[in-house]
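See structure below.
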There are 2 protein chains.
Amino acid sequence: MGVSLKDIAERAGVSLATVSNVVNGYRPVGESTRQRVQQAIDELGYTPNLSARHLRRGRTGLIALAIPELTNPYFAELADVAIREAAGLGYTLLMENTAGERTEELTLLDGAQRHIIDGLILSPVAIGRNEVLGRRAQLPLVLIGEGVYDVPYDHIAIDNVAASRTATAHLVALGRRRIAFVGAPPWDDRQSAHLRIRGYREALVEAGMPFDLRLVAPTAQFGRTDGERAMRHLLTLDEPPDAVLAYNDLTAIGALRALARAGVRVPDDVAVAGIDDIEEGRFSNPTLTTIAPDKREIGRLAVRRLVARIEGDARPPAHEQPTFRLVERESSGSTR
Amino acid sequence: MGVSLKDIAERAGVSLATVSNVVNGYRPVGESTRQRVQQAIDELGYTPNLSARHLRRGRTGLIALAIPELTNPYFAELADVAIREAAGLGYTLLMENTAGERTEELTLLDGAQRHIIDGLILSPVAIGRNEVLGRRAQLPLVLIGEGVYDVPYDHIAIDNVAASRTATAHLVALGRRRIAFVGAPPWDDRQSAHLRIRGYREALVEAGMPFDLRLVAPTAQFGRTDGERAMRHLLTLDEPPDAVLAYNDLTAIGALRALARAGVRVPDDVAVAGIDDIEEGRFSNPTLTTIAPDKREIGRLAVRRLVARIEGDARPPAHEQPTFRLVERESSGSTR
DNA sequence: TTGAAAGCGCTAACAC
DNA sequence: GTGTTAGCGCTTTCAA
């Protein structure tokens, strides 16, 4: 079908190896030879056949980013960064949707794709530390997010305890006294995602306020619908909250919706804060106070660490913590 | 590195071809042989090396979905469907981000990836009909969206004229008399995206209302920021609009934001409608009236047509029109 | 600085 | 129903 190295070699009157060297720049090639080869390449419109290259090299140049849902803007924004970073390093990034399901995450962990990708970036939500520890696959792996900690793989995540502590302290500083948490994971034995609740709790304790389980609303998932439902529940309490920290911006937006429908004023009656800083929160009514993790850095680091592993880096696994900052908007009182 | 066909063949005491046949099921294999081979595969944990297979077959099993932005929920939702559909047909879908840029779209059209993908689904926004007609690459191509029409490729898109006509007629039926359009493409020579304005215009004419260019606000892109800016501009007019149809939900949400900041009541003072039906609009305050295209069908059809082409379908290119429906929500007066 | 040639793992044409 | 083998396009070792 296409033009191959051989065609170029014939056209330029050189050997296959020489053309290969011109293309890859591994070994020095004489200037006049290089020019002849380059001309042949341009004239014939040669592009390397990647399947052949991969077969020979034992690598595909593909890496996967496995996230729970593409339709969560946080992950879409992250993927956006990661795709660019990967391209810059000569890799193609492909997306896997785990739908937050255990079996999907396990299948990926165990290297279902081992012959198609060179490495995997995974944001686990349904599996826990033990599943990751029990993994047998050899494929390089980088973890992102707050799902799993303390495993022998590179891990990129902000300090989630500090993040939710910061957000909660902000609500405390506003003078709020009944601060709820929306979007707790179901209380099972997984380690997953309890860090944000820990930060919330720590901030309350620090302020001398009680940690009241009735104000902690669990949700099945972390979407808008879940946030709305949980908020509706909180509003039925005898003493409803005067502030809410949501697990993420999406649940916070669901909460805003429930509050609007109930005719509760935000921030006057209830202040709301989320975590993630998705663009949607800069345009919601009211705009959403949130914790903004450095997504650029998370995406960059995840891809860089993975590529380094693929290319032989053997340093011990590291846990990197990109920074975050509090962004105050209308939902917690800022008018601008 | 991994286990190869040869290993299995040795273990099971058969030839390479037989193992290949067990794996692929092309030729019948004796029952006892099949079992021995299958056992060897299970024991050794064999998975085919895709690079080798692709090299041999001349296909990679990869298709690309090229969209202007991953962070636009409409495309994220579409990609979600397409990924699943592709997986069901034995293909892996990878995402290309064109950022709505001309050069990116042209590069893809001309087959930059020709050796890595078997086909391309493209949502063009920056290029026009002529660029598509002038394309030289051989790679199967399916177009989606309202960017380019009347080209000799399969094309999946809703009837955009009818869609915006329907939305506009809805605003007319509400009794609105100064209906603006937010998110017109810049007035250049491209065919791109003028269909939605045509539908808007047709509905006005049908209602005996003037098409007033001052009420048509162009935007550079189609994001929330663009919608907000355009709406702010419309509010400065001597006679501001009492309704707005936005190019898409994202610009509509930007418009909602501008209205909220200006203290204009929606829908009382200004009714707002968008197109796309992204989840965000079901949770905005107020919730957003919109045109809901059948995204499932768009994603499914695009992938199916492409795969059919890749596998040799030679029927003449077809233009398929999935359905859409009007979804009335608070921003145009529905209270539920 | 350049060339010859082996071989990555697989599929498919051909032979039995 | 099963086996043998050529060769997809490339990288890389060895030799010149």
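Just so it is clear, the model here is predicted, and its values are computed rather than measured. In what follows, chains are A, B, ... by sequence order, proteins preceding strands, each numbered from 1.
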Review point. Does the distance from a Lys or Arg side-chain N to an Asp or Glu carboxylate O, for A/Arg102 and A/Glu105, drop under 4.0 Å?
Key: no
Practice item. Count the heavy atoms belonging to other residues, nucleotides or ligands that lie under 6.0 Å from CD of B/Glu69, then report whether that count exceeds 12. Key: yes
Exercise for review: Please state whether the rings of A/His155 and A/His319 are parallel, tilted or perpendicular, taking 30° and 60° as the class boundaries.
Suggested key: parallel
Review point. Starting at CG of A/Asp7 and ending at P of D/dC8, how long is that distance when rounded to a whole Å?
Key: 11 Å
Review point. Looking at side-chain heavy atoms only, is the closest gap between B/Ile83 and A/Leu70 below 4.5 Å?
Key: yes
Review point. According to a strict under-4.0 Å criterion, is B/Ser15 in side-chain N/O contact with OP1 or OP2 of D/dT2?
Key: no
Check your understanding: So, A/Arg136 and A/Asp110, do they make that salt bridge, N to O below 4.0 Å?
Key -> no
Check your understanding: Given C/dT1, C/dC8, D/dG3, which nucleotide is nearest the side-chain atoms of A/Leu55?
Key -> C/dC8
Point to revise | Spacing of B/Asn49 atom CG relative to D/dC10 atom C1', expressed in whole Å | key: 14 Å
Exercise for review: Output yes when B/Asp294 and B/Arg296 qualify as a salt bridge under the 4.0 Å nitrogen-oxygen rule, no when they do not.
Suggested key: no
Review point. Roughly how many Å is it from CD in A/Glu10 to P in D/dG9, rounded to a whole number?
Key: 12 Å
Point to revise | Inter-end axis angle, the helix from C/dT1-D/dA16 to C/dC16-D/dG1, with every axis fitted to five base pairs (rounded, 10 degrees) | key: 30°
Practice item. Take B/Leu108 and B/Glu96, measure what side chain to side chain contact (heavy atoms under 4.5 Å, CB included) needs, and give me the verdict at the end. Key: CA-CA 9 Å; B/Leu108 278 169; B/Glu96 291 285 340; 4.1 Å; yes
Review point. Atom NZ of A/Lys6 to atom P of D/dC8: distance rounded to whole Å?
Key: 7 Å
Measure all distances between protein nitrogen or oxygen atoms and nitrogen or oxygen atoms of nucleotides 11-15 of chain D, and list the pairs falling under 3.5 Å.
from, atom 1, to, atom 2, distance (Å)
D/dT11, OP1, A/Asn24, ND2, 3.3
D/dT11, OP1, A/Arg53, NE, 2.7
D/dT11, OP1, A/Arg53, NH2, 3.3
D/dT11, OP2, A/Ser20, OG, 3.0
D/dT11, OP2, A/Asn24, ND2, 3.3
D/dT11, O2, A/Arg56, NH1, 2.2
D/dC14, N4, A/Arg27, NH1, 3.3

Exercise for review: Look at all strands and tell whether A/Thr33 reaches a base, only sugar-phosphate, or nothing, counting heavy atoms closer than 4.0 Å.
Suggested key: sugar-phosphate
**Study point:** Carboxylate-amine/guanidinium proximity below 4.0 Å for A/Asp7 and A/Arg11
**Key:** no
